[in-house]
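Let me begin by presenting the structure, written as structure tokens, before commenting on it.
Keep in mind that this is a model prediction, so the values were computed, not measured. Reminder, nothing fancy here: chain letters follow the sequence lines and each chain counts from 1.
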There are 2 protein chains.
Amino acid sequence: MKRAKKKAFAEFMSQRGLKSTKQRDIILDSFLSSDRHLSIEELYLKLRSKHPNIGYATVYRTLKLFAEAGIAREMQFGDGQTRYEHVSEGEHHDHLVCTRCGHIEEFENEAIEKLQDEVAETHGFLIERHRLELYGLCATCRK
Amino acid sequence: MKRAKKKAFAEFMSQRGLKSTKQRDIILDSFLSSDRHLSIEELYLKLRSKHPNIGYATVYRTLKLFAEAGIAREMQFGDGQTRYEHVSEGEHHDHLVCTRCGHIEEFENEAIEKLQDEVAETHGFLIERHRLELYGLCATCRK
DNA sequence: GCCATCATGAAAGTGATATCCATTGACATT
DNA sequence: AATGTCAATGGATATCACTTTCATGATGGC
């Protein structure tokens with residue numbers, strides 16, 4: 001999985017005539033071995049301890065690049081920060097966001113997607129993508 | 001409906017010991033007689049022509065106040081601006097957002113909500129609120 | 001190794017939101 | 001109607017999370 005994404009990214013880079021650099025390798029490694037919903041700042045801080053010479057702008061640009069390469073997706077959960085989540089080929093999921101601890105869980109539900117399609121149809125609407133987020137308290141924070 | 005909201009807002013204000021002012025009255029009127037998904041800037045510009053002496057900060061603070069009073073709700077549709085929509089007692093709806101013209105339609109679907117509750121339950125999650133947005137092309141833009 | 005390009009990082013720029021502060025206004029009390 | 005008190009206003013400034021600039025440093029095809 002990590003290997004597949006590294007390969008996908010390498011291909012994307014060479015297709016676009018972009019260069020491979022130490023920083024990009026480090027950021028990719030760190031991103032792939034992270035929690036699935038990191039903000040730029042979180043990833044930057046995580047890297048900072050081991051690689052104090054990597055700048056914020058590089059992390060920012062590299063994450064954008066991941067998104068363009070299709071191995072990451074930009075997401076907004078309303079806390080004012082853009083988060084990047086891992087993308088797996090053909091997979092889609094929605095989110096449970098804990099309003100207390102910020103923990104984000106994922107889920108998939110075919111039945112909901114089907115109902116969404118029906119709603120769209122009755123409005124003559126053509127769905128490109130959707131977002132469904134349930135905000136509340138996670139199992140841990142309920143206690 | 002407008003009357004009910006004005007009353008609700010007046011009650012909220014007196015409960016909190018806040019004052020009624022010309023500006024707040026004007027902004028409330030303008031908000032209530034507007035499209036359902038205005039940004040701060042849109043409302044400010046709309047007011048500007050008739051009431052050039054109302055400041056941006058006042059519009060900003062007053063909309064926040066509406067949200068606290070429960071007559072408006074802050075929404076993000078990913079265009080980088082917070083929009084305020086009207087809230088009706090006990091009503092909830094989701095959105096169809098046109099990615100071409102920006103048009104926003106609303107819909108309600110009991111069956112989807114029910115499935116959401118089921119998802120939450122299987123995760124031990126307690127839902128406070130949710131957001132469901134379908135992005136794509138509206139009927140008009142499809143042509 | 002040379003060199004045209006691309007990449008980097010510190011710093012400056014943006015745009016939307018949030019706050020500050022001197023002045024004004026609302027309203028309960030004389 | 002005048003006063004006192006505290007909230008409200010609005011212009012200006014600050015903040016926050018990006019986003020871009022630019023001088024310097026790497027990369028990789030020759």
Q.
Does anything in residues 89-110 of chain A form a ring pair (Phe, Tyr, Trp, His ring centres under 6.0 Å)? List the pairs, not counting sequence neighbours.
A. A:His37-A:His95, A:Phe77-A:His95, A:His92-A:His130, A:His93-A:His95
Q: Starting at atom CZ of B:Arg16, determine the distance to atom C1' of C:dA26, rounded to an integer number of angstrom.
A: 18 Å
Q: Would you state whether a donor and an acceptor, one from the side chain of B:Arg83 and one from the base of C:dT17, lie under 3.5 Å apart?
A: no
Q | 5' precedence on DNA chain D between B:Gly17 and B:Ile54 (nearest-nucleotide basis) | A | B:Gly17
Q: Starting from P on D:dA17, measure out to CE on A:Met75 and report it in whole angstrom.
A: 19 Å
Q: Could you please name the option among C:dT8, D:dT20, D:dT19 that lies closest to any side-chain atom of A:Thr58?
A: C:dT8
Q | B:Arg83: which of B:Glu42, B:Glu41, B:Glu74 passes salt bridge (Lys or Arg N to Asp or Glu O under 4.0 Å) | A | B:Glu42
**Q.** Value in whole Å for how far the C1' atom of D:dA8 lies from NZ of B:Lys64
**A.** 18 Å
Q: Let me know the distance between CG of A:Leu63 and P of C:dG9, rounded to the nearest Å.
A: 14 Å
Q) Of the nucleotides D:dT9, C:dA16, C:dA18, which one has an atom closest to the side chain of B:Glu41? A) C:dA16
Q. Given atom CD of A:Glu74 and atom P of D:dA17, what is their separation to the nearest angstrom?
A. 16 Å
Q.
Can you tell me which nucleotide in D:dA12, D:dT27, D:dC18 comes closest to the side chain of B:Ala57?
A. D:dA12
**Q.** Per B:Lys19 side chain, nearest of listed nucleotides D:dT21, D:dA26, C:dA26
**A.** C:dA26
Q. What nucleotide among D:dA7, C:dC27, C:dC6 has an atom nearest to a side-chain atom of A:Leu18?
A. C:dC6
Q | All pairs passing salt bridge (Lys or Arg N to Asp or Glu O under 4.0 Å) where residues 101-129 of chain A contributes a residue, at least two apart | A | A:Arg36-A:Glu106
**Q.** Length of the line joining A:Leu65:CG and C:dT8:P, which is rounded to integer Å
**A.** 9 Å
Q | Proximity to the side chain of A:Thr21 - top-ranked nucleotide from D:dT27, C:dT17, D:dG10 | A | D:dT27
Q | Nucleotide of D:dT19, C:dT8, C:dT5 approaching A:Tyr56 most closely (side-chain heavy atoms) | A | D:dT19
(Q) On the nucleotide D:dC18, are OP1 or OP2 found under 4.0 Å from the side-chain N or O atoms that A:Tyr60 carries? (A) no
Q.
Aromatic contact between A:Phe31 and A:Phe66, with the criterion being ring centroids under 6.0 Å apart: yes or no?
A. yes
Q) Can you find a heavy atom in the side chain of A:Lys5 that is under 4.5 Å from one in the side chain of A:Leu28? A) no
Q: Identify which nucleotide among D:dA12, C:dG9, D:dC18 has an atom closest to any side-chain atom of A:Gln23, counting heavy atoms from C-beta outward.
A: C:dG9
Q: For B:Phe12 and D:dA7, give me the distance from atom CZ to atom C1', rounded to whole Å.
A: 14 Å
Q. So, is A:Arg24 close to the C:dT8 phosphate, meaning a side-chain N or O under 4.0 Å from OP1 or OP2?
A. yes
(Q) Whether A:Thr82 contacts D:dA17 is assessed here as follows: a side-chain N or O lying under 4.0 Å from the phosphate OP1 or OP2. Is that the case? (A) no
Q) Taking CZ from B:Arg61 and C1' from C:dC20, how many angstroms apart are they, rounded to a whole number? A) 10 Å
Q) Does some side-chain heavy atom of A:Asp29 sit less than 4.5 Å from a side-chain heavy atom of A:Lys6? A) yes
